[in-house]
Amino acid sequence: TLSMCGLSLSHKTATPLEKNPWHISIKVARPGKGVESCKGALVSPYFVLTAAHCFDINDQAHWITVDVGKTTSNKVVSLFSHPDYNIGKLRSERISEFYDYDVALVKLEKRVTFSPETRPICLPCTEGTTRALRRPHPKTSCQDHERQLLKVGDVPSFFVHEKKPALERKEVLIKNGPKKWACQADAKKATIYVNVTDVAQVVTPRFLCTGGIEPVVDPNTCKGDSGGPLIITQNRRYIQVGVISWGVFDVCNLKNKGKVPPYARDFHLNLFTVLPWLKEKLAEEQLGFL
Ligand SMILES: CO[C@H]1CCN(Cc2c(C)cc(C)c3[nH]ccc23)[C@H](CO)C1
């Protein structure tokens, strides 16, 4: 049977992981170069969805540890970054980091046993999401999912920031209507994008944009939130629509002394734009892709 996705415990005494049972912490310990911290989401018994920029072409599998539920360092067997991800693609235009298609799947050595603190999140265009959206099966299409989840306008969503031992939910609005263009335009205020003439060079159609102060002040991501899920809640079920990719301003960087500018925006890889790749890589996970 297809196990239920996007379920969590929400009572007062539930633990942080029971409230966010899909939450995954990823660490890459590069000898002589320190540890890179990223987050991810459990999407099936074998796979964790995260950001491609968490990894480097020279990373060895045994440098990567993945904390799932209460067990730490599940062994990584393979890493599938999206084939169109290439952080150095615009180097010739003096744009040092390019985050298009910033998404990856980590395959674990051992399948994960689900438990109250270890459960998968729902992915768009799967049967699990059709059920979570309470849409009549099989009439529901992938386009129906997109229309229902990413409505035109300011779309309520959240990401999870890990502040040990807590997992804090940060509510943000996806600017998916008239505010989208101002959201994207602020990307040019990022330090490394000074040479960017047309923002469309770096903010490609793959991104969802959050942050800023209109209509309300949105919390911002930190570098260490990279790879975590951007989540939409429907009927108390959790559906991942994005992967935290990059931000204009790292609110956790102490040099920034916590003063956050109004142009602090965050960009998330929109999962609806990489469905063929997701479907191919997760073909054996019985998620029932539409
Ligand atoms: C475009 O120029 C910027 C690229 C990314 N930024 C780092 C960064 C990454 C890599 C990932 C996530 C999730 C971030 N959230 C906030 C910052 C941040 C720095 C600015 O801090 C320069």
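The residues of the chain are indexed from 1 along the displayed sequence. Atoms within each ligand, like the ligands themselves, are counted from 1 in listed order. A quick note: this is a predicted structure, and the numbers were derived from the prediction, not measured.
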Determine, using heavy atoms of Val248 and all atoms of ligand 1, whether some pair is separated by less than 4.0 Å. yes
Pairing donors with acceptors under 3.5 angstrom, does anything connect the side chains of Asn20 and Arg169?
yes
Quick note on ligand 1: atoms under 4.0 Å from a heavy atom of Asp250 include exactly 16 (C), 17 (C), 21 (O)
At under 4.0 Å between heavy atoms, what of Ile244 touches ligand 1? The answer is side chain
So CG of Asp102 and CD1 of Ile244: to nearest 0.5 Å the spacing works out to 11.0 Å
When rounded to the nearest 0.5 Å, the distance separating CG of Leu271 from CG of Leu230 is 9.0 Å
protein heavy-atom neighbour closest to atom 2 (O) of ligand 1 works out as Ile192 CG1, 2.8 Å
If we number the atoms of ligand 1 from 1 as shown, the ones under 4.0 Å from a heavy atom of Ala190 are 1 (C), 2 (O)
The closest protein heavy-atom partner of atom 4 (C) of ligand 1 is Glu97 OE1, 3.6 Å
Interatomic distance, CG@Leu269 vs CG@Leu49, rounded to 0.5 Å, equals 8.0 Å
- Message: Less than 6.0 angstrom from the centroid, inside 45 degrees of the normal: does Lys107 satisfy that with respect to the ring of Tyr46?
- Response: yes
among protein heavy atoms, the one nearest atom 10 (C) of ligand 1 is Tyr99 OH, 3.4 Å
request  = Decide whether Asp218 and Thr210 meet the rule of one side-chain donor and one side-chain acceptor closer than 3.5 Å.
outcome  = no
For atom 9 (C) of ligand 1, the closest protein heavy atom turns out to be Lys223 CG, 3.8 Å
Within the 4.0 Å heavy-atom cut-off, what Cys222 brings close to ligand 1 is backbone
| Ser226 and His53: side-chain donor and acceptor closer than 3.5 Å? | yes
Side chains of Ser115 and Glu117: any donor to acceptor distance under 3.5 Å?
yes
Among non-hydrogen protein atoms, atom 3 (C) of ligand 1 lies closest to Gly247 O, 3.6 Å
Near Tyr193 (heavy-atom distance under 4.0 Å), the atoms of ligand 1 are 1 (C)
Of all protein heavy atoms, the one nearest atom 16 (C) of ligand 1 is Phe249 O, 3.3 Å
>> Side chains of Ser10 and Lys12 only: does a donor on one sit below 3.5 Å from an acceptor on the other?
In response: no
Restricting to heavy atoms, the pick from Ser226, Gly228, Cys252 nearest atom 13 (C) of ligand 1 would be Ser226
Atom 22 (C) of ligand 1 sits nearest the protein heavy atom Thr191 OG1, 3.8 Å
Answer yes or no: does an N/O atom from Thr221 fall short of 3.5 Å to an N/O atom of ligand 1? yes
_Against ligand 1, does Ala51 come closer than 4.0 Å with any heavy atom?_
no
In Tyr99, Phe267, Trp246, Tyr263, the residue satisfying ring-ring contact (aromatic ring centres under 6.0 Å, His included) with Tyr193 is Trp246
